[in-house]
Protein chains: 2
Amino acid sequence: MSNSRFAISLHILTLLERAKGGLLSSEFMAGSININPVLVRKELSNLRNHGFVDSKEGKNGGSYLSKSAKEINLADIYKAVKQNNLLGISKNTPNPQCSVGKQMNTHLNNLYNSTEQALLKELSSQTLADFSNRFD
Amino acid sequence: MSNSRFAISLHILTLLERAKGGLLSSEFMAGSININPVLVRKELSNLRNHGFVDSKEGKNGGSYLSKSAKEINLADIYKAVKQNNLLGISKNTPNPQCSVGKQMNTHLNNLYNSTEQALLKELSSQTLADFSNRFD
DNA sequence: CATACTGTAATTAAAATTATTACAGTACAA
DNA sequence: TTGTACTGTAATAATTTTAATTACAGTATG
């Protein structure tokens, strides 16, 4: 993952956890993260689709956690934002006429899968509550 | 890591391992990987600096593994190409006036470090020889 | 019904990645 | 001893990805 979606989502979720049910606006969260509010709303849209948050429209609206922070582990968040492979892109197409090239993506993907498993295992050992509690 | 440096380096090293000491030109390897030869030479430069390969200049020149594929594990390769954090960039600077924002990068980096340890542990369980032997 | 939000699309800007061009240096081989 | 085929590296251009911005319709509140 080269973009900062994981960090943004985790930041959003940490803010919401610490708000203890209070609604936070995308503008407020964008100010804390230091990014554009529209990006926050896009991430919220994704987090909503994954059942982590809910939002209330209209004046005095905002977002809040829709499940307990103890029930969200960091692997869940990773899965929700993940798009590429961990170690790089597979978009490259090696030469199919080369005996190594034509098999490379298969072996690379196998490798990516096993490393991703290791990553997920590590991430799943921590919940959002654990993470949030490290803040003063 | 968003770029494909790990995949390129592993591809190069796999080709060299299977060449069994024979010299391969950057042009040949670029053809197998399907990228520009200059990129291959840049990666070779890095791999050389890390002691994995050596190159011979001039006509009929090329590159070859400078240590046994059994003595190179995939974590070594990862470390040689790594530049960013695994889960995203830390270049973002959250708002230092926000109690969450000002501590975010510290906690994020701690998390990144622990996930990287998990990744390295997994990668270190396989050598370049293991990887290469999976090819027909 | 003015205000302050969300939701989302479209566009622009910026940053990162990759490709290309260029060329000096080196070794081989005729 | 000279043409050829490489490496090594810098500089630049092209492409792709990421992030910011603009715009605006929709919604809830007071």
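In the text below, chain A, chain B and the rest are named by the order of the sequence lines, each starting its count at 1. In what follows, every heavy atom counts, from backbone to side chain, and hydrogens, waters and symmetry copies are set aside.
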- Item | Check against side chain to side chain donor-acceptor pair (under 3.5 Å), Ser9(B) and Glu43(B) | CA-CA 6 Å; Ser9(B) 280; Glu43(B) 279 312 313; 3.0 Å; yes
- Query: When you look at Leu120(A) and Lys79(A), which way does the side-chain contact (heavy atoms from CB on, under 4.5 Å) test go after all the steps?
  - Reply: CA-CA 9 Å; Leu120(A) 288 173; Lys79(A) 288 179 204 156; 4.0 Å; yes
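To the nearest angstrom, C1' of dT18(C) lies 15 Å from CZ of Arg41(B). Taking atom CZ on Arg48(B) and atom P on dC6(D), their separation rounds to 16 Å, with Å as the unit. As rounded to whole Å, 14 Å separates atom C1' of dG8(D) from atom CG of Asn46(B). dA16(C) atom C1' lies 13 Å from atom CZ of Arg5(B), rounded to whole Å. If you take OH of Tyr64(A) and P of dA28(D), they are 12 Å apart, rounded to a whole angstrom. Going from atom CG of Asn92(A) over to atom P of dT17(D) covers 12 Å, rounded to whole Å. The distance from atom CD of Glu43(B) to atom P of dA19(C) is 12 Å, rounded to the nearest whole Å.
The phosphate of dT7(D) (OP1 or OP2) has no side-chain N or O of Ser63(B) nearer than 4.0 angstrom.
Going from atom OG1 of Thr14(B) over to atom CG of Leu16(B) covers 8.5 Å, rounded to the nearest 0.5 Å.
The side chain of Lys59(A) has dA28(D) as its nearest neighbour among dA28(D), dG7(C), dT9(D). Here the nucleotide nearest the side chain of Lys42(B), chosen from dT29(D), dA19(C), dA29(C), is dA19(C).
Within residues 12-40 of chain B, the residues having any heavy atom closer than 4.0 Å to DNA chain C are, in order of number, Ile35(B), Asn36(B), Val38(B), Leu39(B).
Both Glu57(B) and Lys56(A) lie close to DNA chain D; mapped to their nearest nucleotides by heavy-atom distance, the more 5′-ward contact belongs to Glu57(B).
Below 30°, between 30° and 60°, or above 60°: for Phe6(B) and Tyr112(A) the angle between ring planes is between 30° and 60°, a tilted geometry.
In terms of hydrophobic clustering, with Ile, Leu, Val, Met, Phe, Trp and Tyr side chains grouped at heavy-atom distances under 4.5 Å, Phe135(A) and Leu15(A) are assigned to a common cluster. Residue Val38(B) is not grouped with residue Phe28(B) when hydrophobic side chains (ILVMFWY) are merged at heavy-atom distances under 4.5 angstrom, including chains of intermediate members.
An angle of 0°, rounded to 10°, separates the two end axes of the helix from dC1(C)-dG30(D) to dA30(C)-dT1(D), each defined over five pairs.
Closest of all the heavy-atom pairs between Ala30(A) and Asn36(A) is CB-C, 4.0 Å. Contact detail for Asp136(B) and Arg18(B): the closest heavy-atom pair is O-NH2, 2.8 Å.
Atom CD of Glu71(B) has more than 12 neighbouring heavy atoms from other residues, nucleotides or ligands inside a 6.0 Å radius.
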